[in-house]
Amino acid sequence: MERTFVAVKPDGVQRGLCGEIIKRFEHRGFKLVAAKFLQASEEHMKKHYLDLKDMPFYAGLCKYMSSGPVFAMVWEGQDIVKLTRMMLGETNPAESKPGSIRGDLCINIGRNIIHGSDTLQNAKTEIDLWFKAEEFVNYEQVFKPFLYE
Ligand code: IDP
Ligand code: MG
């Protein structure tokens with residue numbers, strides 16, 4: 001089983017899309033293992049997006065991501081890093097297929113409502129950045145035999 005980091009961004013929270021996004025992960029069969037609603041600091045967002053520090057939009061992105069609440073989550077499932085990226089669509093909503101979260105729910109690259117880790121290694125780094133060990137809940141998905149052969 002893999003874990004990935006997902007966050008509804010301030011635009012997604014303001015637009016009332018947390019429920020819709022959580023629903024899609026639940027319906028897919030993924031298991032929620034940690035979640036919290038918070039306003040992140042700009043410093044925290046600079047660490048989160050460190051890979052993008054040389055991009056022209058880096059400062060604005062970090063400022064925006066810390067401008068309001070985000071819903072941060074860790075989800076678990078088989079191949080979840082790859083499958084989450086497919087559920088998200090492309091970084092640019094305008095290039096995202098209908099049926100994907102960004103393709104269905106947003107328009108603009110700077111307001112693309114959701115973050116999802118892009119690699120297993122980045123998922124681990126991001127989960128460690130956002131969550132402490134005691135924030136994870138241990139439980140079994142009772143319908144697991146009906147999700148996985
Ligand atoms: P991702 O969120 O699909 O992984 P990244 O390339 O990691 O995309 O970029 C992180 C975030 O930075 C994007 O989700 C988007 O909010 C923002 N971003 C990326 N490219 C641009 C751009 O060209 N203009 C403005 N914002 C951008
Ligand atoms: Mg990314």
Side-chain angles (χ1 to χ4, degrees), residues 1-137 141 147-148:
M1 285 295 161
E2 285 179 6
R3 287 181 173 185
T4 197
F5 175 68
V6 173
V8 183
K9 297 180 176 185
D11 44 342
V13 172
Q14 282 292 339
R15 291 184 53 216
L17 294 171
C18 289
E20 170 66 25
I21 287 168
I22 292 166
K23 187 196 82 180
R24 289 182 181 221
F25 283 84
E26 286 182 327
H27 284 187
R28 188 80 194 252
F30 293 136
K31 178 185 172 187
L32 184 63
V33 293
K36 58 184 168 186
F37 186 60
L38 75 157
Q39 183 161 1
S41 69
E42 206 170 327
E43 286 315 301
H44 182 84
M45 292 317 309
K46 283 180 177 166
K47 280 186 208 153
H48 172 83
Y49 281 126
L50 198 61
D51 290 356
L52 301 174
K53 66 180 188 318
D54 298 324
M55 303 303 275
F57 56 82
Y58 177 68
L61 172 66
C62 296
K63 203 174 177 66
Y64 183 67
M65 286 294 292
S66 58
S67 70
V70 296
F71 198 79
M73 297 165 271
V74 180
W75 289 88
E76 187 178 280
Q78 195 172 65
D79 287 329
I80 194 168
V81 174
K82 185 182 114 198
L83 296 182
T84 293
R85 292 294 295 194
M86 291 173 76
M87 286 166 70
L88 259 56
E90 303 300 320
T91 300
N92 187 350
E95 288 161 13
S96 300
K97 293 203 175 78
S100 66
I101 292 169
R102 287 168 174 166
D104 285 347
L105 303 173
C106 53
I107 298 165
N108 182 267
I109 193 165
R111 297 290 183 268
N112 62 5
I113 71 167
I114 183 168
H115 169 82
S117 310
D118 60 352
T119 64
L120 193 54
Q121 185 53 54
N122 284 342
K124 290 192 170 81
T125 306
E126 290 170 4
I127 289 167
D128 289 346
L129 178 66
W130 286 81
F131 286 92
K132 301 190 193 90
E134 60 265 29
E135 292 177 303
F136 290 86
V137 182
Q141 268 179 316
L147 281 169
Y148 298 103

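Small disclaimer: the values here were computed from a predicted structure and weren't measured. First listed ligand is number 1; within each ligand, the first listed atom is number 1.
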Practice problem: Over all heavy atoms of both residues, which pair between Tyr58 and Tyr49 is shortest? Give the atoms and the distance, please. | Solution: CE1-O, 3.1 Å
May I have every N or O pair linking ligand 1 to the protein at under 3.5 Å, one per line with atom names and distance?
from, atom 1, to, atom 2, distance (Å)
ligand 1, 2 (O), Arg102, NH2, 3.1
ligand 1, 3 (O), Arg85, NH2, 3.2
ligand 1, 3 (O), Thr91, OG1, 2.5
ligand 1, 3 (O), Arg102, NH1, 3.0
ligand 1, 4 (O), Arg85, NH1, 2.7
ligand 1, 4 (O), Arg85, NH2, 3.3
ligand 1, 8 (O), Thr91, OG1, 3.1
ligand 1, 14 (O), Lys9, NZ, 2.8
ligand 1, 14 (O), Asn112, OD1, 3.4
ligand 1, 14 (O), Asn112, ND2, 2.8
ligand 1, 16 (O), Lys9, NZ, 3.0
ligand 1, 16 (O), Ile109, O, 3.4
ligand 1, 16 (O), Asn112, OD1, 3.4

Quiz item: Is there a donor-acceptor pair closer than 3.5 Å between any side-chain N or O of Thr84 and the backbone N or O of Ile80?
Solution: yes
Quiz item: Taking atom types as modelled and ignoring hydrogens, do the side chains of Ser96 and Glu90 form a donor-acceptor contact shorter than 3.5 angstrom?
Solution: no
Quiz prompt | Pair Glu20 + Arg24: basic N to acidic O under 4.0 Å | solution = yes
Quiz item: Any cation-pi pair here, Lys36 with Phe131, using under 6.0 Å and within 45°?
Solution: yes
Quiz prompt | ring-ring contact (aromatic ring centres under 6.0 Å, His included) partners for Phe30, two or more places apart | solution = none
